Amino acid sequence: MNVEKKDFYGPGAANTGRRSGGETSDKWAESLQSVFDLALENQGPERTAQLLNKLADRLRASQTELPRGFNPPYVNTIPPEQQPPFPGDWQMERRIKSYIRWNAMAMVVKANSTTNVGGHISTYASAATLYEVGFNHFFRGRTENFPGDLVYFQGHATPGMYARAFLEGRLEERHLQNFRQELAEGGGLSSYPHPYLMPDFWQFPTVSMGLGPLLSIYQARFNRYLQARGLAKWTEEPKVWCFVGDGETDEPETLGSLTLASRENLDNLIWVVNCNLQRLDGPVRGNGKIIQELEAAFLGAGWNVIKVIWGSDWDDLLARDKSGLLVKRMEEAVDGDYQKYSVEPGSYTRRHFFGKYPELLELVNHLTDDQIRKLQRGGHDTRKVYAAYQAAFEHKGRPTVILAKTVKGYGLGEAGEGRNISHQQKKMNEKELREFRARFNIPISDDVIAETPFYRPPADSPETKYLLERRKALGGFLPRRKVNPGSGGLDVPKPDYFAEFFKGSNTEVSTTMAFVRLVSVLLRDKSLSKHIVPIIPDEARTFGLDALFKDIGIYSSKGQLYEPVDSQSLLYYNEKKDGQILEEGITEAGSMSSFIAAGTAYATHGVPMIPFYIYYSMFGPQRVGDLFWLAGDIRAKGFLLGATSGRTTLNGEGLQHQDGHSLLHASTLPTLLAYDPAFAYEIAVIIADGLRRMYAEGEDIFYYLSLYNENYAMPPMPAGVEDGILKGLYKFKAGAEGKKHKAHIFGSGPIINSALKAQEILADRYGVSADVWSATSYKLLRTDALRCKRWNMLHPTELPKKSCVETLLAKEQGVFVSVSDYMRMVPDQIAPWVPGGLMTLGTDGFGRSDTRARLRRFFEVDTESTVIATLYALAEKGQIGKEIVAKAIKDLGVNPEKVFPQIV
Ligand SMILES: Cc1ncc(C[n+]2csc(CCOP(=O)(O)OP(=O)(O)O)c2C)c(N)n1
Ligand SMILES: [Mg+2]
């Protein structure tokens, strides 16, 4: 063809219509079409697709933009001829599934007949086949040499998981009766997957949407990391399965890390997106098609995509549709239409779906309306789902997503099948129950049906035998969480191992530097070293962790395929296949997910791992608080290090970086021990004890430490303060003797230096002896005080218990002041138990970029403000005159009319 290339293919050619319109173009189209048909006939579809791709490459080479958004057709990815034979007993599995459906529904209906504790019927109803094919054929349980496949169940599908465990004999009727009534006598079943509440059952919390999918990616990658470091205890690699709602994919966390999974070739990861086309309020994409949208996103991200849209009943129709009109109609209809078809009778679908083209009406002429209504969606067809799972299981090189089309509330009929109210449906009347029973053939008699009794086939029934045999063949029950006895029993270093930190140093260092030094010491410990997982979101150089790059390397499944630009330097960027550092790039959510995967390895893999996740403290719970909460639920262990802490210690960075509130967030987390250490030895004492409690004693807790970037000399550890450091408060330096007045200043982090300088001024100029205390944890002090107070309230006639704060301060005279780089509410937590009350200074309000000195004056946490506050506290108690305070304000150069940093 002698075409003037530039002219023909040139930009805008199509728009200008040059050589593209009229008869000529029709002829071109016709001849291309006939070549295409010939290729299809002789070479088959796959080969034709390859040829088309090659041609497209040539077009691309001429710098022509190809049409984008090219989506494969709206049909199953696996054609019927490639479907493997189904290895199970299809009828048997259907009966088992029906019983589970019934019990899952009954559990919710029962719970809501006497209480209003809620529950969901329609999510599991739509997903039953997706789960049952997994349970009967794919999900492998934990055995001696195999940790079990790691399955993230959709949170709202829990009734189905409990109902299955009931059939398996793992749960009894009394458990099901108490679904969502955990505080009932004898206990109950938690609403959703919560390892904290059901530690022998649930492994992964998923109900906060988006977090399960995100975690599953990092879990699959962490499995590879364990393997690369020689710590995995398996002969065959486990799969990570994650069940996701189609509505859930709107959460940015769900799709946010897809490319990590493909980049890392995570073919150990399988997602199943239950595309029931609905979320809570209505359709997910009423005006579009969620499956096509997701397919494009996953394909673009490099995943293997398997669509399971149509059930087997459609195979014949599609085979007979030679013109492609049926596929065209399938693509025209939007999800809102498909939702309607699931609700209306077959006559409606005949008229509105097939009826659009006379040829299609003819295609379904042989079907009754009822048969049309029953044309199944792929996600409800055991054989189609099996084929997809099998292909996903065997796929090599990429993660797989299965996009399965289902009907929300499948089987509920008028009670909520495919309706917009489906998600909230919790009750069913007798008529609806009868219909459900008939549809799924449940052997329950008329006289009891109104009570929605549970149904479990007898132990010697073929169904129970089949179900148990399948689980046995697959290695045991699931979900199941198991902590091997002794998995906490690591040989952790005794506190004296950290002697160098107790000695103090005249060299000025920050607590961050002290921590980095401590980690490098731990990394030299023979027995502990291999368990350590340093995690960092692209801030290693900020915190000085780059010192570890060379020694332990950065984990990379591909090793290092290039010569690093800084290869000549000592701290070069050293990526290794068995690297130990997880350098996550700029993703706090991803880093937290790695923290959680590592911090739960003691349970998921029976290998205790010790994550040290160090990050910009401002981007901790404020940024990814829901993952912090989840870390508690999942019983993750490890250390979170909020570096560059403090609203004034991190100077220069301003409002969005300077953190003065993470410790408040930390106070909301029930199993988190939160510390605000001032000195290197405090860090060593806390981490040594954390290692002991979590990894030797096996406690399911985790730690947060604020770390700062201000350098100062680290003092030696005073004798006998370890207990105080761990409990939250100890006297660091007593005030001068022989002064007229007495005061106590609690200091935390580097701001303790304001207290220490104030101590001198108060003694020298105002006759006040001020003891300086290091307050390492207001959270722990408060919890202890609350525990005592509550006990005293409930045991009013017994000898009252005294909290740690009360005991420590009982004999102290004078006033109490606190100063820290955090909001006042942090120390305020213990105010009710401080004799005479607590005068608090803190950094309430938005940060500013400026020097530390100016910032500390602005927020009133500097030396001068501490002196003034102490004098004022004394004046308030009438121990000194108010004019002394006024004079001090003047003498110390503080402007009493300066702005109040807190806004509202
Ligand atoms: C982060 C978060 N936001 C909101 C909810 C409340 N919620 C629970 S289920 C649901 C709808 C779920 O729709 P979809 O993901 O499509 O799941 P389906 O039940 O349809 O399978 C919503 C909004 C939640 N659990 N988590
Ligand atoms: Mg949905």
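For ligands, and for the atoms within them, numbers begin at 1 and follow the listed sequence. In this text, all values refer to a predicted model and were calculated from it rather than measured experimentally.
Using a distance-only test at 3.5 Å, with no hydrogens or angles considered, no donor-acceptor pair links the side chain of Asn76 to the main chain of Ile78. Between the side chain of Tyr162 and the backbone N or O of Ser190, at least one donor-acceptor pair lies under 3.5 Å. Counting only distance, with no hydrogens or angles, the side chain of Trp241 and the backbone of Leu269 share no donor-acceptor pair below 3.5 Å. A donor-acceptor contact shorter than 3.5 Å is absent between the side chain of Tyr348 and the backbone of Phe353.
Note on Lys97 versus Glu93: no salt bridge recorded, every NZ/NE/NH1/NH2 to OD/OE distance being 4.0 Å or above.
The shortest contact between atom 14 (P) of ligand 1 and any protein heavy atom is with Gly247 N, 3.6 Å. Of the protein's non-hydrogen atoms, the one nearest atom 1 (C) of ligand 1 is Glu251 OE2, 3.3 Å. Closest to atom 17 (O) of ligand 1 among all protein heavy atoms lies Gln154 NE2, 3.2 Å. Annotation: atom 15 (O) of ligand 1 to nearest protein heavy atom, Glu248 N, 2.9 Å.
Interface atoms of ligand 1 facing His156, defined by a heavy-atom separation under 4.0 Å, are 8 (C), 9 (S), 25 (N). Atoms of ligand 1 found under 4.0 Å from any heavy atom of Asn276 (numbered from 1 in listed order, with element): 18 (P), 20 (O), 21 (O). Each of the following atoms of ligand 1 lies closer than 4.0 Å to a heavy atom of Lys408: 18 (P), 19 (O), 20 (O). Close contacts between ligand 1 and Val207 involve ligand atoms 24 (C), 25 (N), 26 (N) [criterion: under 4.0 Å to a heavy atom]. Less than 4.0 angstrom separates some heavy atom of Thr123 from each of these atoms of ligand 1: 18 (P), 19 (O), 21 (O).
Atom OD1 is the N/O/S atom of Asp246 found closest to the Mg ion (ligand 2).
Between atom CD of residue Glu295 and atom CG of residue Leu403 there is a gap of 7.0 Å, rounded to the nearest 0.5 Å.
Remark: Lys110 is not positioned above the aromatic ring of Phe179, lacking an NZ or CZ atom under 6.0 angstrom from the ring centre and at most 45 degrees off the axis. In this structure, Lys239 fails the cation-pi test against Phe138, since its NZ or CZ atom is not both closer than 6.0 Å to the six-membered ring centre and inside 45 degrees of the ring normal. Remark: Arg180 is positioned above the aromatic ring of Tyr192, its terminal NZ or CZ atom under 6.0 angstrom from the ring centre and at most 45 degrees off the axis.
Metal site remark for the Mg ion (ligand 2): Ser126 contributes no N, O or S atom at a distance under 2.8 Å. For Glu248, every N, O or S atom stays at 2.8 Å or more from the Mg ion (ligand 2). Here Thr123 does not reach the Mg ion (ligand 2): none of its N/O/S atoms is less than 2.8 Å from the metal.
Among Gln424, Gln278, Met209, the residue whose heavy atom sits closest to atom 26 (N) of ligand 1 is Met209.
Considering Thr400, Asn304, Asp267 as possible partners of His395, the one that fulfils the side chain to side chain donor-acceptor pair (under 3.5 Å) test is Asn304. Applying side chain to side chain donor-acceptor pair (under 3.5 Å) to Thr406 and the options Asn274, Thr129, Asp381 leaves one that passes, Asn274.
Heavy atoms from both the backbone and the side chain of Arg279 come within less than 4.0 Å of ligand 1. Counting heavy atoms under 4.0 Å from ligand 1, residue His120 does not touch it at all.
The protein reaches atom 10 (C) of ligand 1 closely, with a heavy atom under 4.0 angstrom from it. When distances from atom 24 (C) of ligand 1 to the protein are checked, a heavy atom turns up under 4.0 Å.
Residue contacts with ligand 1: Ser208 is placed with no nitrogen or oxygen under 3.5 Å of a nitrogen or oxygen of the ligand (distance criterion only).
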**Request:** Decide yes or no on side-chain hydrogen bond (donor to acceptor under 3.5 Å, both in side chains) for Gln339 and Asp335, but give the supporting numbers first.
**Result:** CA-CA 6 Å; Gln339 191 187 346; Asp335 283 355; over 6 Å; no
